[in-house]
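Let me begin by presenting the structure, written as structure tokens, before commenting on it.
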Amino acid sequence: MAVVLSLLREASVLCEGGEAAKYIKDAVRLLSSQEIYAPSITRFRDGDRIATQYYDGLIRLQQPGRQRKRSVVDAYRDKRSTSDARRRVSGEVRQALENEHLWSFDVLQLERVSEHHALSQLALKLFGRWKVCEMLQCPEDTMTRWLLSIEAHYHPVNAYHNATHAADVLQATSFFLDAPSVATYVVESHAAASLIAATIHDLDHPGRGNAFLINTRQSLSILYNDLSVLENHHVALAFQLTLQQSNNKINLSVLGFVSSFNFTDNLSMEDVTSFINILANLPREEFGSMRSCIVEMVLATDIRRHFEYLAKFNQMELTDERESEREAHSITICNMLLKCADISNPAREWALCERWAHRIVQEYFEQTREEKEKALPVTMAFFDRETCNVPLTQVGFVDMFAREAFSCWTQFARLPQVLKQLESNYERWRSMADGWTSAHNNSLHS
């Protein structure tokens, strides 16, 4: 498809100004909008067991059988001037948050010193810096309550898909938005939407993947017809919590921890059970647009659609200055941005990369164990604690998903150091593979 579109674009240039050029451009736009993209598995070695199982387990799922809008550059030239004076945080938390604008930011350190409230602490600082409340016309107290509610609906028992992972993705999203070459093309409302989408993108994750939910015929898989089951649930629940009935009051039992959590000077239990609708003041049209963007960005994190979104990103023509195309490009960029943020662990500094890898592996170990106990199809058989070679799983993930995505993204965002770190980590995993034994799987560091 990429070749076909390339040929059509070349033909359009040759026919510039004629009637044929118009029809060719219409054809390119139509083809680019259809969800007809699939990975080319032939890029991997024949008989690559790990690549094949990643494909079966994460992509195929079923087992065999208007007005010009401001860019981020225009809107946030002075974003770093936001004061944190109103928030009362410990010295350790404040210190852990100091480097939130750097790729080396240690969210696991923030998790520790904030007593597993990394998401709410980081989000309040980043949302302030990016002026999200200003964009949404939302009081800061409402945003604080909303963030506490969202954080409370993540599952701390999950080794990987918990609120700290959401905080990690949020920080990566903010870091990518800071890149000048990205900010130039992202409109103001889409930047805010991407930060919200990152915050909610794995809300209420059960610690089991889509394939598991489908194979066990969970109610969510039935509700969403086996299509992006978890991603649909994450974003639907987020809007249900935000727009819930009974004057948008939160279930007090969900936020029992707040009474001992000194988060702001003015937060009380009465406040916590008050309004949390951060979108309440948006005009109907702006609400619809914001909701649409958030939904699309969260759905873009479905790894099953990874290659589709990668193809769409690569097919952008940023020379098209029409407003309709400018907004479409902004959304495409944000979709790719959030996808890369979601799978950014292999590109983090080694100490973080290794710990995140151990966390996701442990979660997959538990899924494999349960699948075997219940005689279910095993989603990814190589994630068996008794036989797994963890370094090879990380090498396989980079080969299958991360390298191509980050090669494209870092070239666009002009962040070569991120790709360099990815390759450095890749080589380190490869060097560890031969000496890895199943005994190592019982002492993973998370």
Pair Trp409-Phe406, ring pair (Phe, Tyr, Trp, His ring centres under 6.0 Å): steps then yes or no:
CA-CA 5 Å; Trp409 175 252; Phe406 274 90; 8.6 Å; no
Compute whether any side-chain donor of one residue and acceptor of the other, for Asn425 and Gln394, lie under 3.5 angstrom apart.
no
Scan side-chain atoms only and decide if His329 and Thr332 contain a donor-acceptor pair under the 3.5 Å cut-off.
no
Taking atom types as modelled, is there a side-chain donor on His165 or Asp342 under 3.5 Å from an acceptor on the other?
yes
Sequence neighbours excluded, which residues qualify as salt bridge (Lys or Arg N to Asp or Glu O under 4.0 Å) partners of Asp384?
Lys372
Are a donor atom and an acceptor atom from the side chains of His190 and Ser330 found within less than 3.5 Å of each other?
yes
Could you list the residues that satisfy salt bridge (Lys or Arg N to Asp or Glu O under 4.0 Å) with Glu370, not counting sequence neighbours?
Arg208, Lys374
Ile294 and Met297, any side-chain heavy atoms less than 4.5 Å apart:
no
Under a 4.0 Å N-O cut-off, is there an ion pair linking Lys420 with Glu423?
no
Going from CG on Asn232 to CG on Asn210, what distance comes out if it is rounded to the nearest 0.5 angstrom?
9.0 Å
Only pairs under 3.5 Å count here: list side-chain donor-acceptor contacts from residues 427-434, not counting sequence neighbours, and write none if there are none.
unit_1	atom_1	unit_2	atom_2	d
Ser431	OG	Arg428	O	2.7

Under 3.5 Å, is there a donor-acceptor pair between the side chain of Ser407 and the main chain of Arg403?
yes
Side-chain contact, heavy-atom cut-off 4.5 Å: Pro156 with His116?
no
Less than 6.0 Å separating the ring centroids of His161 and His155?
no
Among Tyr160, Phe397, Trp350, whose ring-ring contact (aromatic ring centres under 6.0 Å, His included) with Trp356 holds?
Tyr160
Separation between CD1 (Ile276) and CG (Leu243), nearest 0.5 Å, reads 9.0 Å
With sequence neighbours left out, write down each residue that passes salt bridge (Lys or Arg N to Asp or Glu O under 4.0 Å) with Glu92, or none if nothing qualifies.
none
Hey, are the side chains of Leu310 and Lys339 touching, using non-hydrogen atoms and a 4.5 Å cut-off?
no
What is the distance from atom CZ of Arg145 to atom OG1 of Thr142, rounded to the nearest 0.5 Å?
4.5 Å
Closest non-hydrogen atom pair, Asn441 against Cys388
ND2-O, 2.9 Å
Taking the six-membered ring for Trp, are the ring centroids of His153 and His234 within less than 6.0 Å of each other?
no
For the pair Asn162 (side chain) and Thr164 (backbone), establish whether a donor and an acceptor sit closer than 3.5 Å, ignoring hydrogens and angles.
yes
Result block: side-chain N/O donor-acceptor pairs under 3.5 angstrom for residues 166-177, not counting sequence neighbours:
unit_1	atom_1	unit_2	atom_2	d
Asp168	OD1	Arg348	NH2	3.2
Asp168	OD2	Asn345	ND2	2.9
Gln171	OE1	Arg348	NH1	3.0
Gln171	OE1	Arg348	NH2	2.8
Gln171	NE2	Glu100	O	2.8
Gln171	NE2	Leu102	O	2.8
Thr173	OG1	Val169	O	2.8
Ser174	OG	Arg129	NH2	3.0
Ser174	OG	Trp130	NE1	2.7

Measure the CG-CZ distance between Leu444 and Phe365 for me, rounded to the nearest 0.5 Å.
6.0 Å
Judged by atom type as modelled, is there a donor-acceptor pair below 3.5 Å linking the side chain of Gln244 to the main-chain atoms of Leu241?
yes
Is there a donor in the side chain of Glu363 and an acceptor in the side chain of Asn158, or the other way round, less than 3.5 Å apart?
no
Does the side chain of Asp204 reach to within under 4.5 Å of the side chain of Tyr154, using non-hydrogen atoms?
no
Name all residues meeting the salt bridge (Lys or Arg N to Asp or Glu O under 4.0 Å) criterion together with Glu111; count only those two or more places apart in sequence or in a different chain, and write none if there are none.
Arg359
